A.B. asks: 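One structure coming up, written as structure tokens, with questions to follow.
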Amino acid sequence: MKSEPSAYSIEDLQKEKITIWDGVRNYQARNILREMKKGDLAFFYHSNCKPPAIVGLMEVVETNIVDPTQFDRTSDYFDVKSTPEKPRWHTVKVKFKERFAQPLPLETLKQKFNPDDFLVVKKGNRLSVMPVKNTIAQEIFNLTRTF
DNA sequence: GCCAACGTTGGC
DNA sequence: GCCAACGTTGGC
């Protein structure tokens, strides 16, 4: 799950402990959020920064949450076409698990993984939420340990 | 349903 | 700041 650290960082989550992952306004990403199960683990990825990197780990603690920002006129994520009866945007609540002592930069991920196996390293992929294969996740854990 | 124009993301 | 690669919008 990506976030620009200037907007919301792993440090913010570490302080806050739990947050609603709001503001996702892309249908494909939303669909992935909708499929998430309680107890699922998720990597926190810092995007649009130097260097872009996987910086930590989170756990999904609540699913199928109606993103409240879609009804908030003062929010950047306000959606005029969304109604409480028919909300367009759902998301999850995540809990801080771990902040990696050594973040895994995108450059390293590109060296280690094939774009066909891991969407993060695929050129042009702008999805802010994407699935990670179990085998890839395991290798990422190994990398954070050996770094 | 097509597609041009426009907006956004995000690495570099 | 640039720009490739998307996604979305809206006229037709």
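Lettering follows sequence order; numbering is per chain, from 1. Side chains are part of it too, since the values below use all heavy atoms of this structure and drop only hydrogens, waters and symmetry mates. Everything numeric here is computed off the predicted structure, so don't read it as measured data.
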A.B. asks: Can you label the angle between the A:Phe113 ring and the A:Phe118 ring as parallel, tilted or perpendicular, going by 30° and 60°?
C.D. replies: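 Perpendicular: the ring planes of A:Phe113 and A:Phe118 meet at over 60°.
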A.B. asks: Considering only side-chain heavy atoms of A:Leu106, which listed nucleotide, C:dA4, B:dG11, B:dG10, is closest?
C.D. replies: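 Looking only at heavy atoms from C-beta outward on A:Leu106, the closest nucleotide is B:dG11.
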A.B. asks: Looking at A:Asp67 and A:Arg30, does any basic side-chain N land under 4.0 Å from a carboxylate oxygen?
C.D. replies: no
A.B. asks: May I ask you to evaluate whether A:Lys110 reaches the phosphate of B:dC12, defined as a side-chain N or O under 4.0 Å from OP1 or OP2?
C.D. replies: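 Affirmative; the distance criterion is met.
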A.B. asks: How long is the line joining NE2 of A:His46 and P of B:dC12, in whole Å?
C.D. replies: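 Roughly 17 Å, once rounded to whole Å.
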A.B. asks: Does some side-chain heavy atom of A:Asn142 sit less than 4.5 Å from a side-chain heavy atom of A:Ile140?
C.D. replies: no
A.B. asks: Would you mind telling me which of B:dC12, C:dT8, C:dG7 lies closest to the side-chain atoms of A:Tyr27?
C.D. replies: C:dT8
A.B. asks: Would you say B:dT9 has OP1 or OP2 under 4.0 Å from some side-chain N or O of A:Lys2?
C.D. replies: no
A.B. asks: Using whole Å, what does the distance between atom P of nucleotide B:dG10 and atom CG of A:Asn48 come to?
C.D. replies: 7 Å
A.B. asks: If you check every side-chain atom of A:Ser47, which of C:dT9, C:dG7, B:dG10 has the closest atom?
C.D. replies: B:dG10
A.B. asks: Step through it carefully: locate the ring centre of A:Phe43, locate the ring centre of A:Phe141, and say whether they are under 6.0 Å apart.
C.D. replies: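 Between A:Phe141 and A:Phe43, which both carry aromatic rings, the centre distance is below 6.0 Å.
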A.B. asks: From the options C:dT9, C:dG7, C:dA5, select the nucleotide whose nearest atom is closest to the side chain of A:Gln28.
C.D. replies: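 For the A:Gln28 side chain, the nearest candidate turns out to be C:dG7.
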